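First listed ligand is number 1; within each ligand, the first listed atom is number 1. Here the structure is a predicted model, which is why all the values come from computation and not from measurement.
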Amino acid sequence: MARNIVAVLTHHFVELYSKLLPIPCFLCGDFSQHDALCKSCCADLPWLTQCCQRCALPLPVDGICGSCLNQPPPQRQTFALFRYESPVNHCIAAFKFQQQLVFTRLFASLLASRQRQRQEPLPQLLIPIPLHPTRLRQRGYNQSAQLADALSRLLTIPVNKTSLIRQRNTQPQSGLRGRQRQHNLKQAFALHKPLPYSHVALIDDVYTTGHTVAEASRCLQQSGVEQVEVWTIARAIRHY
Ligand SMILES: [Zn+2]
Ligand SMILES: [Zn+2]
C-alpha cells in the first residue's frame, strides 16, 4: 500500500515537474519539449505499420503471416508500436533502467492513442507480464506493470497485477536458443483464481520470440479467459 502511494505521488510529481520544466530529448538533447523524445525524433522512430495481426511481424500489407497460419499463437492479436531496432532499443533500455517515468508516459500515451483508433471493442482488463518475485526484488520494479498502470489511467480500463503470477524463476530468455526458450517457459505462469473477464490484454515491453506472451496467454485461456491480446512497445524481428 505504502509503495503504491509513493508510486502515485512520484508519478504526479514527475507529471508536474515535466509540465513546468523542459526535459532534454533523450536522442538529440533538444530542450524545447516536455516529453522523453522531441516530436521530430519520435516521428523518425522505426514505426511498425503493416504487420501480422496475430504476432505483429512486419508484412507488406496487413494480414496473417505464414508462421501464424501454420501454427496460430494463442493470442488473437498483437499490437506493437515499433520494430525493435535502433534507436528504439536504446529508448527501451532507458525505459527499463534510467528514465522510467518519462518513457513510461511517452510509450503509454502512444499505445493509448493507437488503441483509441481501433474499431473493435477494447479489452475489459489489462494484465502486465509479471516478474518472478526474486527478479522483482533484484530490479525493484516491473516496467511492464508501470506501463499497464499508465495505460489503465489513460484508457480507464482496470489493471490487475496480482492474479497472474510467475511460479517458476525461469532463466533469462536472452541466454537461450529456440527450443530451450520454449521449454524454459513451460508452466512458468499460474493464475491465483479465475478472472471474471472474457477479454484481456497482456502488457509486455518487447515481443521477442513470443514464447513468454504465448505461455501467459495459454494460462489465461485455460482459466476461462476467451480472448487474449498482447500490447507491446516493440517487436523484435529475426533476420530482418
Ligand atoms: Zn530529439
Ligand atoms: Zn504472425
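- Counting only distance, with no hydrogens or angles, the side chain of Arg166 and the backbone of Pro133 share no donor-acceptor pair below 3.5 Å.
- Not counting sequence neighbours, the partners of Asn89 by the side chain to side chain contact (heavy atoms under 4.5 Å, CB included) test are Tyr84, Ser86.
- Counting non-hydrogen atoms of other residues, nucleotides and ligands closer than 6.0 Å to CD of Glu226 gives a total of 12 or fewer.
- With contacts defined as side-chain heavy-atom distances shorter than 4.5 Å, the pair Phe107/Phe82 qualifies.
- Closest heavy-atom contact between Arg116 and Leu155: CG-CD2, 3.8 Å.
- With waters neither drawn nor counted, the protein N/O/S atoms under 2.8 Å from the Zn ion (ligand 2) amount to 4.
- Annotation: side chain to side chain contact (heavy atoms under 4.5 Å, CB included) contacts of Ala93 (sequence neighbours excluded): none.
- In this structure, Leu147 and Ala108 approach most closely via the heavy-atom pair CD1-N, 3.8 Å.
- A pairwise comparison of heavy atoms in Asp205 and Thr232 identifies O-OG1, 2.9 Å as the closest pair.
- Any protein N/O/S atom under 2.8 Å from the Zn ion (ligand 1) was counted, giving 4 altogether.
- Judged purely by distance below 3.5 Å, without hydrogens or angles, the side chains of Arg118 and Gln115 pair a donor atom with an acceptor atom.
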